[in-house]
Amino acid sequence: MKIAVFASGSGSNFQSILEAVESELVDASVELLVCDKPGALVEKRAEKAGISLYSFSPKTFASKAAFEQEILAELQAKGVELIVLAGYMRLIGPTLLEAYGGRIVNIHPSLLPSFPGLDAIGQAFDAGVKVSGVTIHLVDEGMDTGPIIAQEAVQINETDTKEVLQGKIQKVEHELYPKTLQHVISQLQRSVK
């Protein structure tokens, strides 16, 4: 299955997906990286791996629909069948939702519905909860509101700092996301047959 990864930052989940594809844990090929922050570290990871890159600055477009129309053209040119969000810090709009409804997957660093939106790790840490975690879900028009596909809890110890918690959550993300993507891909392939 041909996938595109959307990311905005360092790309640690992008890297774990690339490695899972390389080791055949995920039956897919990464055709494109879409990045809305030109110069982000994830772009260097894509370049090193020989992955095509579509990098853009949203401010240079008149609207979300305008840049999503360009992204859609890139996705279609590459034959992309599944969009994988890996730290893409922007809501998906109607243009992409209409074209890829049910085929956009996101990872979020909390046990949704708790702590949606930005800085979920900080939100959990500030709330003093004893358990947080990772959620993988389908994307809809809301903020982290789509149907949940998988979740895994992460214990928060009294001695944990926000950075320690982030490290624990990323470790779970890097294992859970590839496994869950393979499950999603298998389901999509079965529904096509």
Side-chain angles (χ1 to χ4, degrees), residues 1-18 21 28-110 112-123 134-149 173 177 180-181 184-185 187-188 191-192:
M1 177 154 299
K2 294 180 176 185
I3 66 174
V5 179
F6 287 34
S8 301
S10 69
S12 68
N13 276 307
F14 174 70
Q15 190 65 45
S16 74
I17 293 164
L18 284 181
V21 165
S29 60
V30 180
E31 298 295 321
L32 183 67
L33 170 69
V34 174
C35 183
D36 65 332
K37 297 236 185 329
L41 178 59
V42 69
E43 292 184 356
K44 289 180 181 49
R45 291 181 192 260
E47 189 180 314
K48 187 176 175 192
I51 304 294
S52 295
L53 169 66
Y54 177 72
S55 181
F56 71 102
S57 178
K59 291 180 186 131
T60 63
F61 289 87
S63 65
K64 180 184 290 243
F67 68 71
E68 284 200 345
Q69 203 57 54
E70 278 205 18
I71 292 169
L72 185 57
E74 293 285 329
L75 296 172
Q76 290 171 337
K78 297 279 185 198
V80 168
E81 300 160 278
L82 178 68
I83 295 173
V84 177
L85 307 184
Y88 184 67
M89 304 310 289
R90 123 177 357 271
L91 282 174
I92 298 297
T95 302
L96 290 175
L97 279 172
E98 193 174 301
Y100 283 90
R103 294 182 294 137
I104 306 173
V105 182
N106 186 41
I107 189 164
H108 186 76
S110 78
L112 291 172
S114 298
F115 312 118
L118 293 174
D119 192 24
I121 294 171
Q123 290 181 59
V134 176
T135 301
I136 298 166
H137 64 95
L138 289 175
V139 173
D140 63 12
E141 58 284 336
M143 170 81 71
D144 299 320
T145 57
I148 292 170
I149 304 166
E173 286 179 341
Y177 211 7
T180 305
L181 286 176
V184 169
I185 288 166
Q187 282 190 317
L188 287 172
S191 71
V192 169

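Nothing here was measured: the structure is a model prediction, and the numbers come from that model.
In this structure the side chain of K37 never reaches within 4.5 angstrom of the side chain of V42, judged on heavy atoms. A 4.5 Å side-chain heavy-atom check between R103 and L188 finds at least one atom pair inside the cut-off. Inter-residue side-chain proximity for I136 and V184 is flagged as unmet; no heavy-atom pair is nearer than 4.5 Å. For the pair L96/L72, a side-chain contact is recorded, criterion being any heavy-atom separation below 4.5 Å from C-beta on. Counting heavy atoms from C-beta on, the side chains of V134 and Y177 never come closer than 4.5 Å. Using a 4.5 Å cut-off on side-chain heavy atoms (C-beta onward), T60 and F67 make no contact. No side-chain heavy atom of T145 sits less than 4.5 Å from a side-chain heavy atom of P116. You'll find the side chain of V34 stays beyond 4.5 Å of the side chain of E74, heavy atoms only.
Screening N106, I104, I148, V105 for a side chain to side chain contact (heavy atoms under 4.5 Å, CB included) involving L138 leaves a single residue, V105.
With values rounded to the nearest 0.5 angstrom, I51 atom CD1 is found 11.0 Å from I17 atom CD1. Atom OG of S114 is separated from atom CG of D144 by 11.5 Å, given to the nearest 0.5 angstrom. To the nearest 0.5 Å, atom CZ of residue R45 and atom CG of residue N13 are 9.5 Å apart.
In this structure a side-chain-to-backbone donor-acceptor pair under 3.5 Å is missing from S52 to L32. At distances below 3.5 Å, not a single donor-acceptor pair connects side-chain atoms of Y54 with backbone N or O atoms of L75. The backbone N or O of K2 sits less than 3.5 Å from a side-chain atom of E81, completing a donor-acceptor pair. Using modelled atom types, one side-chain atom of S8 and one backbone atom of M89 make a donor-acceptor pair closer than 3.5 Å. With hydrogens and angles ignored, the 3.5 Å screen pairs no side-chain donor or acceptor of H108 with any backbone N or O of P113. Checking side-chain atoms of Q123 against main-chain N and O of L118 turns up a donor-acceptor pair under 3.5 Å.
The shortest heavy-atom contact between F14 and A86 is N-CB, 4.2 Å. Nearest heavy-atom pair, I185 versus A28, reported as atom, atom and distance to 0.1 Å: CD1-CB, 3.8 Å. Pairing each heavy atom of V21 with each of S29, the nearest pair is CG1-CA, 4.3 Å. The minimum heavy-atom distance linking L18 with A49 is given by the pair CD1-CB, 3.7 Å. What you find for L112 and T135 is that their closest heavy atoms are N-OG1, 2.9 Å. Residues L41 and S10 come closest through the heavy atom pair CG-O, 3.7 Å.
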Trace of the side-chain hydrogen bond (donor to acceptor under 3.5 Å, both in side chains) decision for E43 with S55: CA-CA 8 Å; E43 292 184 356; S55 181; 2.5 Å; yes

Worked verdict on I107 versus T180 for side chain to side chain contact (heavy atoms under 4.5 Å, CB included): CA-CA 10 Å; I107 189 164; T180 305; over 6 Å; no

L53 and E47: CA distance, side-chain angles, deciding distance, side chain to side chain contact (heavy atoms under 4.5 Å, CB included) verdict: CA-CA 8 Å; L53 169 66; E47 189 180 314; over 6 Å; no

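In this structure E68 satisfies the side-chain hydrogen bond (donor to acceptor under 3.5 Å, both in side chains) test with no other residue, sequence neighbours excluded.
Using a 30° and 60° split on the angle between ring planes, Y88 and F6 fall in the perpendicular class, above 60°.
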